Amino acid sequence: MAEFYRISQDEMEDLLYNELDFPKQHNPLEGINAGELVYGKAFKVGQHPLSLRVYSSITHGQAKDVGSDAIRVALLLRRPDGEIRGIGKAKRVHRVKGWRLNLTKRVKSMVDSINAIVACPKCGMPMAKRNGQHGEFYGCSDFPKCKGTQKIT
């Protein structure tokens, strides 16, 4: 089993700001996830704003205790009505000695997925990969408002 590594805020920000080109800001979400630091990078697909977020598990400059949680990387969409919705599933990065490489791979993979996002043929919103009874397909991120789908080729 891999050994837990306590990540500092300075280490996290060095990686995100200097190597992964995140903007030099963070937003502690008070009352949510016990105030952990959340880092974001903005993207657009057509006219639709997306945010790649890294939930750091860092509070008060230091990572939470072992077993408390992990770093999570998520892609979020702000809908026209202001609602924020996840696109796909958040990906975990365990807080072990190889966390820098693992987080770098996760972030780069998510950026690649942003570049490959398909627009819904019905409404133009980004689509997400889904699993159905007939296998994988793209489904509109504005479901259930829009029920647009597309086969994965």
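Keep in mind that the numbers below use all heavy atoms, side chains included, and drop hydrogens, waters and symmetry copies. Since the structure is predicted, the reported quantities are computational estimates derived from the model, not experimental observations.
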With side chains defined as the heavy atoms from C-beta onward, is the minimum distance between [X] and [Y] less than 4.5 Å?
X: His94; Y: Asn102; value: no
X: Phe43; Y: Met110; value: no
X: Glu36; Y: Arg72; value: yes

For the pair [X] (side chain) and [Y] (backbone), establish whether a donor and an acceptor sit closer than 3.5 Å, ignoring hydrogens and angles.
X: Ser141; Y: Ile87; answer: no
X: Arg95; Y: Ile71; answer: no
X: Ser51; Y: Gly40; answer: no

Lys24 vs Asn18, test: side-chain contact (heavy atoms from CB on, under 4.5 Å). Steps then yes/no. CA-CA 9 Å; Lys24 292 190 176 185; Asn18 298 324; 4.1 Å; yes

State the [atom1]-[atom2] distance between [X] and [Y], to the nearest 0.5 angstrom.
X: Met12; Y: Trp99; atom1: CE; atom2: CH2; value: 5.0 Å
X: Tyr55; Y: Arg92; atom1: OH; atom2: CZ; value: 15.0 Å
X: Glu13; Y: Ser56; atom1: CD; atom2: OG; value: 8.5 Å
X: Phe137; Y: Asn131; atom1: CZ; atom2: CG; value: 8.0 Å
X: Ile114; Y: Leu75; atom1: CD1; atom2: CG; value: 4.5 Å
X: Leu16; Y: Leu37; atom1: CG; atom2: CG; value: 10.5 Å

Over all atoms of both residues, closest heavy-atom pair of [X] and [Y]:
X: Lys44; Y: Pro49; result: CG-CA, 4.2 Å
X: Cys140; Y: Met125; result: SG-CB, 4.0 Å
X: Lys122; Y: Cys146; result: CB-SG, 3.8 Å
X: Lys97; Y: Tyr5; result: N-CB, 3.8 Å
X: Tyr17; Y: Phe22; result: CD2-O, 3.7 Å
X: Ala70; Y: Ser57; result: O-CB, 4.1 Å

Name all residues meeting the side chain to side chain contact (heavy atoms under 4.5 Å, CB included) criterion together with [X]; count only those two or more places apart in sequence or in a different chain, and write none if there are none.
X: Glu19; result: Asp14, Leu15, Arg100
X: Val118; result: Met127, Tyr138, Gln150
X: Lys108; result: Leu20, Thr104
X: Ala119; result: none

Above 12 or not: heavy atoms from other molecules or residues under 6.0 Å from CZ of Arg85?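 More than 12 within 6.0 Å, yes.
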
If you draw a 6.0 Å radius around NZ in Lys41, do more than 12 non-hydrogen atoms from other residues or ligands fall strictly inside? yes

Transitive ILVMFWY side-chain link Ile117 to Phe143, under 4.5 Å: no

With sequence neighbours excluded, residues passing side chain to side chain donor-acceptor pair (under 3.5 Å) with Ser109: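 With neighbours one apart ignored, the set is empty.
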
Which pairs pass salt bridge (charged side-chain N to carboxylate O under 4.0 Å, His left out) with one or both residues in residues 133-148, sequence neighbours excluded?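 Sorted result for residues 133-148: Arg79-Asp142.
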
